[in-house]
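Input: a single structure, listed below in structure tokens.
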Amino acid sequence: MLSGRRLDLLDPSPFDVEIEDIARGLARVARWNGQTSGDHAFSVAEHSVVVEQLFTALNPRCTPAEQMTALLHDAAEYVIGDMISPFKHALGIDYKAFEARLEEAIHLRYGLPPKMPPTLKKKIKQCDLYCAWFEATQIAGFDPVEADQFFIPPPRDLKLEINPRPVKEAEALMLARFEAVNARLQAA
């Protein structure tokens, strides 16, 4: 990693996980494999921030730890990239186990439970799919009817503008949001 850490991919240690590496990696990973409109790809870093903000808005009584879990919901992708769900499924259980070990190390690094409680996972996934719906209809060429078939349509009163940014801005956005959530987490 650029931080100088050497992450063992088969046995990742929380001590080798750094938010700067996560933000840098996620800012350079394009959602939709880069098949989007505009001058910049919509990065996983930007997606992560949007999902956390949706989660916080829709769950106003959430804890800072839940916010951090939402923000880091795709953090493993800083190492493994963003693969579409059908491809992950096709790769089988070994891939899922690999991803889970990496996610556990990230969670432990930031004081979160290694495994996400199922109810929290479901709430975050709902926000993830809402964000994907907005991405699909605003930058990936889907019309709303088509997007409704693949993603959970967001509530009609929920408005969101997807604004792909240059890599450095996406990285800074992720780091700033991490610092804000982490300050709440440390104060709790």
Side-chain angles (χ1 to χ4, degrees), residues 22-63 66-92 95-96 99-100 103 106 116-178 180-181:
I22 293 170
R24 165 74 47 112
L26 295 183
R28 293 172 184 263
V29 175
R31 297 269 298 160
W32 305 91
N33 289 326
Q35 298 300 307
T36 55
S37 60
D39 292 337
H40 305 286
F42 190 65
S43 71
V44 175
E46 294 168 279
H47 167 82
S48 297
V49 170
V50 171
V51 168
E52 182 273 322
Q53 290 174 332
L54 283 170
F55 175 80
T56 300
L58 295 173
N59 300 279
R61 292 192 172 127
C62 66
T63 67
E66 291 170 333
Q67 278 183 278
M68 185 64 80
T69 304
L71 181 64
L72 297 175
H73 80 281
D74 279 341
E77 293 178 10
Y78 90 103
V79 174
I80 59 177
D82 184 24
M83 286 188 244
I84 60 173
S85 295
F87 187 63
K88 287 180 185 178
H89 185 67
L91 289 175
Y95 176 83
K96 293 238 181 245
E99 186 178 36
E103 186 175 89
I106 292 165
M116 226 186 294
T119 54
L120 177 60
K121 188 172 189 160
K122 185 177 179 180
K123 289 178 182 179
I124 292 171
K125 187 62 178 175
Q126 180 180 37
C127 295
D128 187 40
L129 292 172
Y130 288 165
C131 187
W133 188 93
F134 284 112
E135 293 169 24
T137 59
Q138 293 180 28
I139 61 172
F142 287 61
D143 66 47
V145 173
E146 182 183 20
D148 288 353
Q149 295 172 12
F150 295 99
F151 310 104
I152 297 175
R156 296 267 181 232
D157 62 337
L158 186 60
K159 304 295 182 209
L160 176 65
E161 183 180 340
I162 300 300
N163 182 24
R165 302 164 191 253
V167 169
K168 291 228 180 246
E169 286 182 29
E171 181 180 353
L173 178 72
M174 176 83 180
L175 287 170
R177 193 64 195 154
F178 174 85
V181 174

Of the non-hydrogen atoms in [X] and [Y], which two are nearest, and what is the gap between them?
{"X": "Thr137", "Y": "Ala147", "result": "CG2-CB, 3.6 Å"}
{"X": "Phe151", "Y": "Leu129", "result": "CB-O, 3.7 Å"}
{"X": "Leu72", "Y": "Ile106", "result": "CD1-CG2, 4.1 Å"}
{"X": "Met116", "Y": "Leu120", "result": "CG-CD2, 4.0 Å"}
{"X": "Asn59", "Y": "Lys123", "result": "OD1-CD, 3.6 Å"}

TODO: For side chain to side chain contact (heavy atoms under 4.5 Å, CB included), just list the numbers for Val49 and Leu71, CA-CA rounded to whole Å, side-chain angles, deciding distance to a tenth of an Å, and then say yes or no.
DONE: CA-CA 6 Å; Val49 170; Leu71 181 64; 4.0 Å; yes
Rounded to the nearest 0.5 Å, how far apart are [atom1] of [X] and [atom2] of [Y]?
{"X": "Trp133", "Y": "Glu146", "atom1": "CH2", "atom2": "CD", "answer": "12.0 Å"}
{"X": "Leu58", "Y": "Cys127", "atom1": "CG", "atom2": "SG", "answer": "5.0 Å"}
{"X": "Lys125", "Y": "Ile152", "atom1": "NZ", "atom2": "CD1", "answer": "8.5 Å"}
{"X": "Arg31", "Y": "Glu77", "atom1": "CZ", "atom2": "CD", "answer": "7.5 Å"}
{"X": "Leu175", "Y": "Ile22", "atom1": "CG", "atom2": "CD1", "answer": "9.5 Å"}
{"X": "Tyr130", "Y": "Leu160", "atom1": "OH", "atom2": "CG", "answer": "12.5 Å"}

TODO: Might you work through the side chain to side chain contact (heavy atoms under 4.5 Å, CB included) test for Thr69 and Phe55, ending with a clear yes or no?
DONE: CA-CA 10 Å; Thr69 304; Phe55 175 80; over 6 Å; no
Open item on the list: Would you say that more than 12 heavy atoms from the other residues, nucleotides or ligands in this model lie under 6.0 Å from the CG of Asp143, or not?
Closed with: yes
- [ ] Keeping the roles fixed (side chain from His73, backbone from Ala70), state whether a donor-acceptor pair exists under 3.5 Å.
- [x]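 Side chain of His73 to backbone of Ala70, a donor-acceptor pair under 3.5 Å: yes, one is there.
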Open item on the list: Main chain of Trp32, side chain of Gln35: is a donor-acceptor contact present, judged purely on distance under 3.5 Å?
Closed with: no
TODO: Determine, stepwise, if the pair Phe134 / Val50 fulfils side chain to side chain contact (heavy atoms under 4.5 Å, CB included).
DONE: CA-CA 10 Å; Phe134 284 112; Val50 171; over 6 Å; no
Task: Residue that, paired with Cys131, satisfies side chain to side chain contact (heavy atoms under 4.5 Å, CB included) out of Gln126, His47, Glu46, Gln53 - done: His47
Open item on the list: Would you say Glu52 and Thr56 are linked by a side-chain donor-acceptor pair, where the criterion is simply a distance under 3.5 Å?
Closed with: yes
Taking only distance into account, with no hydrogens and no angle test, what donor-acceptor pairs under 3.5 Å do side-chain atoms of residues 162-174 form with protein atoms, sequence neighbours excluded?
| unit_1 | atom_1 | unit_2 | atom_2 | d |
| --- | --- | --- | --- | --- |
| Glu171 | OE1 | Arg24 | NE | 3.0 |
| Glu171 | OE2 | Arg24 | NE | 3.3 |

